[in-house]
Amino acid sequence: MKLQAIRGMKDLLPPDDRLWRRVEELARQTFMAFGFAELRPPLVEHTSLFARAVGQTTDIVEKEMYTFQDRGGESISLRPEATAGVLRAYIEHKIYASPGPHKFFTIGPMFRYDRPQKGRLRQFHQLNCEILDEAGPEGDAELLVMLTQFLAKLELGNITILLNSLGCASCRPAYRQKLLNFLLPQKDGLCPDCQRRMELNPLRALDCKVERCQTLTLNAPELPDSVCPECAAHFAKVRELLDLAGVSYKLEPRLVRGLDYYQRTTFEAVCGELGAQSAVAGGGRYDGLLSLLGGPDQQGIGFAMGMERLIMLMPPAQEVGPRLMVAALGEAAYTVMFPLVMRLRERGLTVEMPPAGKSLKALMRKADKIKAAQVAIVGEAELASGQIPLKDLGSGQQRLLTLNDFCRAFA
RNA sequence: GUGACUGUAGCUCAGUUGGUUAGAGCGCCAGGUUGUGGCCCUGGAGGCCGGGGGUUCAAGUCCCCUCAGUCACCCCA
């Protein structure tokens, strides 16, 4: 037996649990203020759902999914992203029949069989938001404002929003051809990856990291100049609303998303401190995806944030000790203090009471080690006098309280 | 899937051209100190040297394989 976590999958250990809770609580609070409700799809879906939604030829579907047969012989997969499951639920439960827009958020683990590195795990966690049955640019803007507000509340700093428009089903094919016409004559000069990209997704050649490819594509046609008037108007309105809301962003004509379903507005939130995996959030509009999955002819837009990447940008978690430690010297003291401690806990106070068998020195060392804010020492003498010393470990000050006052002190 | 670097105590790391019984600091436990912690002193526990194979009289050290970690490519959040 291998006593070792699966590669690329990590245990969440204290004190980091505090960071995770803070992110999740802040996310729920922020998303709900914008009218989002939580939708939790299963972690596993039919493989065909992801193949259809994410794109048959994407790397995610082709080589990164955890796919296996269940005992009934069906091909099922661990979700590599959240949108597909949310849309499936939206269609299956006919949520589209009631008036939109509908706003959902999903928080949880995603799975991709990648080679682990900084900011990249095989089980990672995303905060995911979708607005469905929303065709107008107001939805795009609202979502981006919400994302910006959330990142600001986390006080991460140094994050840039990159914004682009990919065009729609009617104008993107023309652009794609225009780009291919530009790339084809210099195919031999491009890196092997870009030559492959020309087959699969030529737009990706635009953000290649190889210097030679960047030089060769310097004068390549760019998206915002090539989209149709409708897409251009949509994009202009999104930017106008963002300006009104005071959201700053950077236009990035070469920003391309890797999932097939994105159209029109796309965006990414990046931070240089993260190393190679610099995107903390990414998303965009996916008009046409609902109908592609057999749903209604409604539009949608969404984003996902990588929780591990957010947390890497936060200051490290500090151990926080209990508010009070009761040091009971001897069984008699323990018996008296036990019900009191239980009552304090009932009120929500964090209280520790180690077993009675230890020496005073050991108890005091423990109080220090667990960083208790205050210590009450109770032994034979205190029981006899009815006076309990309560010591503040920060200031070193000590005061005497009766048992009654002691309980009241923490009310 | 490709490449580079790294695996020695709970943690951070030493360990010589291969050579006796593998070390340090921190942490942990106990004592110095019989009811007041942090500092100091003393003692103690704790190691399949990631795993397997090979070379050798002899391997933590050299070679091969493997697993894992880290970073980068790729991909993406």
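A note on names: the letters A, B, ... follow the listed sequences, proteins ahead of strands, and every chain is numbered from 1. In what follows, every heavy atom counts, from backbone to side chain, and hydrogens, waters and symmetry copies are set aside.
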Undergrad: Taking the side chain of Arg204(A) as heavy atoms from C-beta outward, which of C71(B), C76(B), A68(B) is closest to it?
TA: C76(B)
Undergrad: Can you check the Gln374(A) CD to G37(B) C1' distance for me, whole Å?
TA: 15 Å
Undergrad: Do the side chains of Lys371(A) and Glu319(A) get close enough for a salt bridge, i.e. N-O under 4.0 angstrom?
TA: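 A salt bridge is absent here (no side-chain N lies under 4.0 Å from a carboxylate O).
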Undergrad: Give Glu382(A) one of three labels, base, sugar-phosphate or nothing, depending on what nucleic acid heavy atoms sit under 4.0 Å from its own.
TA: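 Base, at least one base heavy atom under 4.0 Å.
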Undergrad: So, is Arg7(A) near the phosphate of G69(B), with a side-chain N or O under 4.0 Å from OP1 or OP2?
TA: yes
Undergrad: At under 4.0 Å between heavy atoms, what does Gly8(A) touch on the DNA or RNA strands: base, sugar-phosphate, or nothing?
TA: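 The answer is sugar-phosphate, as Gly8(A) gets under 4.0 Å only of primed atoms, P, OP1 or OP2.
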Undergrad: Can you tell me, in whole Å, how much space there is between the C1' of G1(B) and that of C62(B)?
TA: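 The same atom, C1', in both gives a distance of 31 Å.
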Undergrad: By the 4.0 Å heavy-atom rule, please label Lys10(A) as base, sugar-phosphate, or nothing.
TA: sugar-phosphate
Undergrad: Please assess Phe105(A) against Phe31(A) for the test ring pair (Phe, Tyr, Trp, His ring centres under 6.0 Å), listing each intermediate value before the final yes or no.
TA: CA-CA 7 Å; Phe105(A) 70 90; Phe31(A) 300 161; 5.6 Å; yes
Undergrad: Taking atom P in both U42(B) and U55(B), what distance in whole Å separates the two?
TA: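 Between the two P atoms, the distance is 48 Å.
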Undergrad: Report the distance from atom OH of Tyr113(A) to atom C1' of C76(B), rounded to the nearest whole Å.
TA: 17 Å
Undergrad: At under 4.0 Å between heavy atoms, which parts of nucleotides 2-12 of chain B does protein reach? Answer with one letter per nucleotide, 5' to 3': B base, S sugar-phosphate only, - none.
TA: BB---------
Undergrad: What's the gap between U8(B) and G69(B) when it is taken at their C1' atoms, as a whole Å value?
TA: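 Each nucleotide's C1' atom is 15 Å from the other's.
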Undergrad: Can you check the Arg197(A) CZ to C74(B) P distance for me, whole Å?
TA: 6 Å
Undergrad: Under the side chain to side chain contact (heavy atoms under 4.5 Å, CB included) rule, what do Met364(A) and Ile377(A) come out as? Steps first, then yes or no, please.
TA: CA-CA 9 Å; Met364(A) 287 309 292; Ile377(A) 297 158; 4.0 Å; yes
Undergrad: Would you tell me whether Tyr90(A) and Glu130(A) have side-chain atoms, one donor and one acceptor, within less than 3.5 Å of each other?
TA: no
Undergrad: Looking for any heavy atom pair under 4.0 Å, which part of the strands does Leu310(A) touch: base, sugar-phosphate only, or nothing?
TA: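 No contact.
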Undergrad: For Glu308(A), is there an ion pair with Lys10(A) - N to carboxylate O distance below 4.0 angstrom?
TA: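 Salt bridge absent between Lys10(A) and Glu308(A).
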Undergrad: Between G23(B) and U61(B), how many Å separate the two C1' atoms, rounded to a whole number?
TA: 15 Å
Undergrad: What does Gly275(A) touch in the nucleic acid at a heavy-atom separation under 4.0 angstrom: a base, only the sugar-phosphate, or nothing?
TA: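 Sugar-phosphate, backbone atoms only, no base.
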Undergrad: Starting at the 5' end of nucleotides 28-34 of chain B, put B wherever the base has a protein heavy atom under 4.0 Å, S where only the sugar-phosphate does, and a dash everywhere else.
TA: S---B--
Undergrad: Under 4.0 Å between any heavy atoms, over every strand shown, what does Ala327(A) touch: base, sugar-phosphate, or nothing? Just pick one.
TA: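 Nothing: the residue Ala327(A), judged by heavy atoms under 4.0 Å, touches no strand.
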Undergrad: Measure from the side chain of Gln117(A), starting at C-beta and using heavy atoms only, and say which of A77(B), C74(B), U36(B) lies closest.
TA: C74(B)
Undergrad: Salt bridge between Glu240(A) and Lys237(A), side-chain N to carboxylate O under 4.0 Å?
TA: yes
Undergrad: How does RNA chain B read in dot-bracket, base by base from 5' to 3', with Watson-Crick or G-U pairs under 3.5 Å and | used when the partner is on another strand?
TA: (((((((..((((.....[...)))).(((((.......))))).....(((((..]....))))))))))))....
Undergrad: What integer number of Å spans the C1' atoms of G25(B) and C57(B)?
TA: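 Between the two C1' atoms, the distance is 37 Å.
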